[in-house]
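Right, one structure below, let's go through it.
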Amino acid sequence: MPELPEVETTRRGVAPWSVGQRVLSVEVREPRLRWPIPADLPQQLCGQQITAVERRAKYLLFRMASGSLLVHLGMSGSLRVIRDDSPLLRHDHVQIQLSSGDRLRYNDPRRFGCMLWLGSGESHSLLEGLGPEPLSDVFSGELLYVRSRGRRGPVKPFLMDGKVVVGVGNIYANEALFMAGIRPDRPAGKISLARYARLVEAVKQVLTSAINQGGTTLRDFVGGDGKPGYFAQQLTVYGRAGAPCTGCGRPLREVRLGQRSTVYCVACQR
DNA sequence: CGCTGACCCTGACGGC
DNA sequence: TGCCGTCAGGGTCAGC
């Protein structure tokens, strides 16, 4: 479910109700996520005030005086603010009671996400070695060009490699490559600097646009405020295999690259 | 180091 | 109606 725009949408939805609040209690109903939720997580959080909610790559970081709560939504996770008495649902694995009376609920059917504690000053292996944020100035055509030299693998998995740049998942990699007119299976090391500059602009544009529309809702994504995202209506290639290309009308082709479905136009993308 | 495929897990969907 | 295979927005890890 969540790519960077969905995680950022969640952050924006959750932050106003979280920042300044104190954690009263933490109920872990199912600790078996990607990595088990540490048994001492509740005691680390309890009594602490949330000072900020930040995002690095697709990780959410709830900042507190003695450390940070690190949350990843995996493929199917969501984090919502509960402001009424709505009942707990299937796969609501963690509930955090805030001093305002509101609650944060973490739901994740597939349990590919994680929820970990990061002490102040500690680094975490999950956050080390990550590439730059895609919406920062560090992410440039030059960066992709330099990092790709000598690489024979296709450009799409390269673009989705978190050590190169973070936050470009399968939906937006497909969309950005279409926007930039680049075939997803072209060897990364053979693409020119000028074309990489186009690709970077496309990534920034598609991510920014998706964030502004509250992310992409497929199946049941909801942001922190419980509202769906509206970017799905603008997807040009993802999920449209066989349908006509919005540029030339020819049917879009689907292949698998790095075990991910890849959709592109054989005419518009070279 | 770069690349590939297996794997973690539940649920939805299509074919029979 | 039920059963079975396939696929899904994430990422790590082992092996070559």
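Everything numeric in this text was worked out from a predicted model, so none of it was measured. Per chain, numbering begins at 1; letters A, B, ... match sequence-line order.
- A gap of 23 Å separates the C1' atoms of B:dC3 and C:dG9, to the nearest Å.
- OP1 or OP2 of C:dG9 has at least one side-chain nitrogen or oxygen of A:Y238 nearer than 4.0 Å.
- Computed from coordinates, the A:R32 CZ to B:dT10 P distance equals 7 Å when rounded to whole Å.
- For the strand DNA chain B, secondary-structure stems (runs of at least three Watson-Crick or G-U pairs, all distances below 3.5 Å) span B:2-8 with C:10-16, B:10-16 with C:2-8.
- Between the side chain of A:K156 and the backbone N or O of A:R183 there is no donor-acceptor pair closer than 3.5 Å.
- Summarising the geometry, the separation between CD on A:Q213 and C1' on C:dG9 is reported as 17 Å, rounded to the nearest angstrom.
- Contact annotation: A:H91 does not reach the phosphate of B:dC9 (side-chain N/O to OP1 or OP2, under 4.0 Å).
- Using a 30° and 60° split on the angle between ring planes, A:Y106 and A:H93 fall in the tilted class, from 30° to 60°.
- The side chain of A:P109 sits closest to B:dG11 out of C:dG9, C:dT12, B:dG11.
- Among C:dG9, C:dT12, B:dG11, the nucleotide with an atom closest to any side-chain atom of A:R90 is B:dG11.
- Between the side chain of A:D108 and the main chain of A:G74, no donor-acceptor pair closer than 3.5 Å is present.
- Using a 4.0 Å cut-off between a side-chain N of Lys or Arg and a carboxylate O of Asp or Glu, A:D92 and A:R80 do not qualify as a salt bridge.
- The base of C:dG10 sits with one of its N or O atoms less than 3.5 Å from a complementary donor or acceptor on the side chain of A:R260.
- If you check every strand for non-hydrogen atoms under 4.0 Å, A:R151 touches sugar and phosphate atoms only.
- Annotation: cation-pi geometry satisfied between A:R149 and A:Y145 (NZ/CZ under 6.0 angstrom from ring centroid, within 45° of ring axis).
- Look at A:R256 and you'll find a side-chain N or O under 4.0 angstrom from OP1 or OP2 of C:dA8.
- Distance from the side chain of A:R110 is smallest to B:dC9 among C:dT12, B:dC3, B:dC9.
- Note: CD (A:E128) to C1' (C:dT12) measures 15 Å, nearest angstrom.
- At whole-Å resolution of the value, CG in A:L89 and C1' in B:dT10 are 15 Å apart.
- The listed nucleotides are B:dT4, C:dG10, B:dT10; the one nearest the side chain of A:H72 is C:dG10.
- Within a 6.0 Å sphere centred on CG of A:D40, heavy atoms belonging to other residues, nucleotides or ligands number more than 12.
- Put simply, CG on A:N170 is 14 Å from P on C:dC7, counting in whole angstrom units.
- You'll find the side chain of A:W17 stays beyond 4.5 Å of the side chain of A:L98, heavy atoms only.
- Atom NZ in A:K58 sits about 9 Å away from atom C1' in C:dG11, given to the nearest Å.
- Of all nucleotides listed (C:dT12, C:dA8, B:dT4), C:dA8 comes nearest to the side chain of A:E254.
- The distance between atom CE of A:M160 and atom C1' of C:dG10, rounded to the nearest whole Å, is 9 Å.
- A:R111 has a side-chain polar atom (N or O) that falls below the 4.0 Å cut-off from OP1 or OP2 of B:dT10.
- Here A:F112 does not count as stacked on B:dC9, because the ring centres are not under 5.5 angstrom apart with planes under 30°.
- The backbone N or O of A:G20 lies less than 3.5 Å from a partner atom in the side chain of A:Q49, making a donor-acceptor pair.
- Relative to the side chain of A:S261, the nucleotides C:dT12, C:dG10, C:dA8 differ in distance, and C:dA8 lies closest.
- Rounded to whole angstrom, the span from the CD atom of A:E6 across to the C1' atom of C:dG10 amounts to 12 Å.
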